[in-house]
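Please read the structure below before turning to the comments.
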Amino acid sequence: MPAQFIDGKQIAEQCRLETQRQVAALHQRTGITPHLAAILAGDDPASQVYVRNKEKACAKAGLRSTLHRLPANVTQQHLLALIHSLNNNPDVHGILVQLPLPGHLDTVAILDAVTPLKDVDAFHPENVGLMLQGRPRFLPCTPAGVMRLLSVSRIPTAGRHAVVIGRSDIVGKPMAALLLQKGADATVTVCHSRTPDIAALCRTADIVVAAVGIPHFVRGDWLRPAAIVIDVGINRLADKLVGDVDFDAAVGHVAAITPVPGGVGPMTIAMLLENTLNAARLQLKHEDSAVS
Ligand code: NAD
């Protein structure tokens, strides 16, 4: 049976249209337009593309966005001062620090400085803790995008064995947490660079999520015919982008698979828009409760 192609681009577009509708309704009710402030330090070409795509997506959905471009040699102090001013600016609802930051900066300290109420990437420890306890304020964009792809595609996770490859704070760890949480109810195995025989683990998986950063890491013969394959990887080869899964080898015999590009990537941006809308709502609620 040919694999079902999970079209992230199309599902992200549906999500964006819904966000656009809700942004317009919020504006009509309150006069407020959700506003995302993005910070880009340095001139990493991939980061420039990501930030541009996020700005375009905001504009399409009716959100405001402002880009703060900083030179590669920006000081920690300067960047922290910018974050503090955005934290205190009631006109800004979401703050995004594009990673990776130049090497001389302390990324952890900078991400921790973003107020949790505007932390639309959900990297702040307070938001990570809330997510782990199953009462999220914001969900991290890429893992949330994967969960949405699965739910919109009517792919059940309950009782199924999910193998997540990668344990980064941004993708692998929160991905495992979301699959494990009540409601998703998967049985989760997390693999990483020190895990022996990942191939054998994948062969027992109903769902494989690859977030490694190595082109074609997951081979076709690692995957069961019934497997659902979610490829988070974005790897730049000379002339194209490829994922972490050998798509051509897998597509013939698995049950469903996401392409790269056009799979998880657009969903990450769609979830960022939703988080920014939710951040605006949250801040309104806080203002209301401060007044009453
Ligand atoms: P990372 O480098 O922070 O983490 C990679 C993980 O892979 C690590 O936990 C490491 O243990 C594991 N790993 C490395 N080599 C391995 C090996 N040989 N065997 C098993 N595990 C190994 O990367 P990340 O930020 O988690 O991103 C992973 C990939 O996903 C990258 O290609 C990145 O570009 C992509 N990404 C895509 C999106 C999106 O929106 N689609 C978002 C974020 C990241």
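All heavy atoms count here, side chains included; hydrogens, waters and symmetry mates do not. Indexing begins at 1, ligand by ligand and atom by atom, following the structure's order. Computed from a predicted structure; not experimentally measured. If you read the sequence from its start, that first residue is 1, and numbering goes on from there.
Residues L237 and P215 approach most closely at CD2-CG, 4.0 Å, considering heavy atoms.
The line from CG of D248 to NE2 of H216 is 7.0 Å long, rounded to the nearest 0.5 Å. A distance of 12.0 Å separates CG of N88 from CD1 of I83, quoted to the nearest 0.5 Å.
A salt bridge links R224 with D206: the distance from a Lys NZ or Arg NE/NH1/NH2 to an Asp or Glu carboxylate oxygen falls below 4.0 Å. The pair D185-R160 does not count as a salt bridge, with every side-chain nitrogen at least 4.0 angstrom from each carboxylate oxygen.
By the 6.0 Å contact criterion, CG on D106 is enclosed, its count of non-hydrogen atoms from other residues, nucleotides or ligands being greater than 12.
A heavy-atom cutoff of 4.0 Å around ligand 1 is satisfied by the protein residues T142, G166, R167, S168, V171, H192, S193, I198, A211, V212, G213, I214, F217, V232, G233, I234, N235, V264, G265, T268.
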